[in-house]
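Structure first, then comments.
A note on names: the letters A, B, ... follow the listed sequences, proteins ahead of strands, and every chain is numbered from 1.
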Amino acid sequence: MSAIITISDLKKSYKGNPDEILKGINLEIHEGEFFGLLGPNAAGKTTLLSIICGLLSFSEGSVMVKNIDIGKHYRRLNPIIGLIPQEIALYPTLTVKENIAFFGEMHGLSGKALRDAVSHYIGVVKLEHHANKRISNCSGGIKRRANLVAGLIHNPEIIFLDEPTLGVDAQSMNLIYDYLMHLNGSGKTIIYTTHYMKEAETMCNRVTIIDDGTIIANGTPTELIAANDACNDLGQVFLKLTGRELRD
Amino acid sequence: MKQLRAIIRKEFIQIIRDIPGLIILFLMPLILIFAVTGTQDNAFKKLYDNKADILFVNNDHEYLGKSIEDGLNKSGYFHVIKQIGSTPLDTATAQREIVAGNYQVGIVVQKDATQRAKAKAIRRIQKSFANDTTPSSAALETTETDNVSIYFDPTTRDSYKNAVTSSLQRLVQSVEIKIILNTFFEALPAQLNTQLQPPIKNYLLGQLKVMEQVFTDELKKRMGNNLPSDFKIDAQPREVKFDLTEDLRKGIKFNDNLENDNLILIAQRNAQSENAVIKPTLVQNNVPAFALFAMFFIVIPLAGSMLTERNEGTYNRIRTLPVTYFTILWGKIVVYAAICLLQLVLMILAGMYFLPLIYGMTPLELGSNHLALILAALASAFAAIGFGLLVGTFASTQSQAGIFGSFMVLILAILGGIFLPVYMMPKPLQLVSIISPLRWGIDSFLDIFVREAGLKVIAANLIRLSLFFVVAFMCAILTFVRRK
């Protein structure tokens, strides 16, 4: 598989703060991969994801996504990526359907194509009965599912998911897993951050563990478990590598 | 274009579903204009239309006391109260009633006030004719006592105090002049009096002409271009009637014609062009003022909408969309500009139909320069939106934007002359008021509504309002780009 994202010696620090959030990240993500980006709180996961999506600038290094230099032409990336942020990035006074349609229109969909896409995605995440409910009146699970499809309506090649199952019930979580596996099976590249190690172990082809702005492990879940003595799952590997000290 | 349409639709849906926001935008300004205009109208009526109760104690019972009482009655502004129930008022009772807050003003003419005024007039005449050999003129003066006292309830507003005091001063001055004149002529022998009449009369008429010229020149100097070119003082010198022989025969009694004859008639006129048909009224002033005030309150929903997007994640999602922030902001601007214009239309309708219906006021007149009005409305709406964009861009939280935005609108409104005309402010504040976009807006509307001004006159303010919007818009765009 060829690399769809290439990150070289990436550094990031904020003005007025000499501490680097990312300290020279080197990483390749391949086309069609279900890639897990793991790490404790404040490790730099969301920062890395934001840089790849073009939301944040970086101090040093380079990021290439599908041969697009993100440092220079990040806007060219917009049509090919889908971002599902950690927050419910929807308009509370709009209905589920209106929200999904709005983001579809922003991606240039209109008329029948838009209506078909909205119906399709509402069906995929089983929101038919809630389509006309305002987001502010929906449960956490409905919001999460609507949040997911609002980032997918334009059928992007690369999908970035920042903790998409945060705070949802087992049923909604299961539906989201199934759909993401289906998307990945159809050739989409998925970059996924989560704190649920079991989730990453089950779904991801490959994971990278990042801590304090540095990559501390990279490989398939099986490889990482095998490489760490006395570890039977990814959760144990994670704790062994990042320590048990609280990160606040 | 499709994207812009989608953003406009999204913003529109968001606004119409935000009921508290709609109340702030449309209902509150209407309530405000009804409340403020009604209150102001009532206050003015109280001052000028309705007769104000005034306690009057006349301890003098001579010319001065009677003249003041007559003057107060004839002025038409006051209802003179000389007794409460069946008890005639005395100074102590009047004071007690005012302290208790039952009345706001009381006038007491002191005992022997006329006699003291006459004595003072005589001393002045003597002093005027005294030569250097006369013993120190100061010796001619005796200790002065108040002839007339005004008592005010401590809660009475200064403007009202000033109105009453100046009315009383006018009365007292006219009486004083008459006392001096009559005392002067009384002191002359009858023959000399007859000889002096024609030259004095001619001299007074000559002086009147000079005063007229000086007054016109001074007015031109102070009012500049605001004074109509054909301005002429409306002074009609009346025939000055000094029937001194008769006066002397009657003693201190005055010719009634002279008493009611003012030498200079002052007519109140508005400095506006001849063809101006709009009269400046409370409605003409308040409607544009409060429409602007309401427009600037767009800051709350607009900044709120921007902050919701920024703090709740949609901002980040928007940034990954193939649409420019320029388009996103324009989507907001179009919707909020429409709201501002709708607010203005509502306020205009209130001024044309509801205020006259409820308070019986003269309906709002829009003037004949409709293009200027449309452009002023658009420029003001865009300036209000610009202010919303600035607050929405730089505030961090909803409450910060809400509190800061509201207070700033209030401050800018005060500085802009929404509540109190700029010319009534202290000089330093008048200078600061120049930076208020609300002042640029209100000045434009007043020029159109009251002065019948055209585009040329309001052009400078329209440019200021538009530039304010452009700068605010650029700040919002640049900050968006910089936030990467």
Side-chain angles (χ1 to χ4, degrees), chain A residues 12 14-15 46 49-58 70-71 74-95 97-99 101-111 113-114 134-137 143 147 150-154 156 158-160 162, chain B residues 1-25 300-302 304-332 335-336 339 397-398 477-484:
Chain A
K12 169 71 182 173
Y14 288 100
K15 264 185 189 170
T46 303
L49 213 60
S50 300
I51 288 173
I52 304 170
C53 293
L55 296 176
L56 271 181
S57 59
F58 46 89
I70 299 303
Y74 68 94
R75 292 207 68 86
R76 289 187 193 167
L77 199 63
N78 292 343
I80 58 168
I81 64 161
L83 172 70
I84 291 93
Q86 205 178 96
E87 307 90 358
I88 304 296
L90 301 169
Y91 296 99
T93 48
L94 267 60
T95 64
K97 194 174 173 179
E98 285 165 348
N99 265 291
F102 171 71
F103 289 107
E105 284 177 290
M106 288 299 99
H107 281 287
L109 295 175
S110 61
L114 176 70
R134 290 189 199 178
I135 287 294
S136 56
N137 297 334
K143 285 180 187 170
N147 195 39
L152 301 177
I153 187 146
H154 58 296
I158 308 168
I159 304 164
F160 296 88
D162 194 0
Chain B
M1 199 60 196
K2 278 180 191 169
Q3 290 169 325
L4 180 64
R5 214 167 48 218
I7 296 165
I8 291 171
R9 193 169 56 243
K10 184 261 293 178
E11 291 292 337
F12 179 72
I13 294 171
Q14 282 186 294
I15 282 176
I16 57 165
R17 287 181 186 166
D18 178 14
I19 303 297
L22 285 177
I23 290 173
I24 291 175
L25 289 176
I300 296 176
L302 176 54
S305 151
M306 291 171 75
L307 280 158
T308 306
E309 283 181 349
R310 209 162 77 214
N311 297 339
E312 293 181 8
T314 34
Y315 185 72
N316 274 345
R317 179 169 267 165
I318 283 169
R319 293 175 69 182
T320 63
L321 300 176
V323 57
T324 61
Y325 195 55
F326 185 88
T327 311
I328 288 165
L329 279 188
W330 267 105
K332 288 184 190 296
V335 172
Y336 283 94
I339 287 171
T397 62
Q398 293 269 10
I477 296 278
L478 290 176
T479 309
F480 177 82
V481 173
R482 270 191 58 224
R483 284 212 168 104
K484 245 175 82 69

Tell me, for [X] versus chain B, whether the close heavy atoms (under 4.5 Å) come from the side chain, the backbone, both or neither.
X       : value
E105(A) : both
L90(A)  : both
I84(A)  : both
T95(A)  : both
R76(A)  : neither
A150(A) : both
N99(A)  : neither

One option among L321(B), N316(B), I328(B) has the most heavy-atom pairs under 4.5 Å with chain A, and it is L321(B)
In terms of heavy-atom pairs under 4.5 Å with chain A, the winner among R317(B), Q3(B), E309(B) is R317(B)
Chain B: which of [options] shares the most heavy-atom pairs with it under 4.5 Å?
options                         : answer
E98(A), M106(A), Q86(A), R75(A) : M106(A)
A89(A), S110(A), P92(A)         : A89(A)
I81(A), I51(A), N147(A)         : N147(A)

Could you tell me how the ring of H154(A) sits relative to the ring of H107(A): parallel (under 30°), tilted (30 to 60°) or perpendicular (over 60°)? parallel
Using only atom types and a distance under 3.5 Å, with no angle test, would you say the side chain of Q398(B) pairs donor to acceptor with the backbone of G304(B)? yes
Checking heavy atoms, do the side chain of R9(B), its backbone, both or neither come under 4.5 Å from chain A? side chain
With a 4.5 angstrom heavy-atom cut-off, could you sort out which part of I318(B) is near chain A: side chain, backbone, both or neither? side chain
Check step by step if side-chain contact (heavy atoms from CB on, under 4.5 Å) holds for I15(B) and L22(B). CA-CA 7 Å; I15(B) 282 176; L22(B) 285 177; 3.9 Å; yes
Measuring from Y91(A):OH to I13(B):CD1, what's the distance to the nearest 0.5 Å? 12.0 Å
Taking the six-membered ring of Y14(A) as reference, does the cationic atom of K12(A) (NZ for Lys, CZ for Arg) lie under 6.0 Å from its centre and within 45° of its axis? yes
Quick check: are there more than 12 heavy atoms from other residues, nucleotides or ligands sitting under 6.0 Å from NZ of K97(A)? no
Would you say Y325(B) has more than 12 foreign heavy atoms packed within less than 6.0 Å of its OH? yes
Step-by-step side-chain contact (heavy atoms from CB on, under 4.5 Å) determination, I70(A) to I52(A): CA-CA 7 Å; I70(A) 299 303; I52(A) 304 170; 5.8 Å; no
Taking the side chain as everything from C-beta on, heavy atoms only, tell me whether P301(B) gets closer than 4.5 Å to I24(B). no
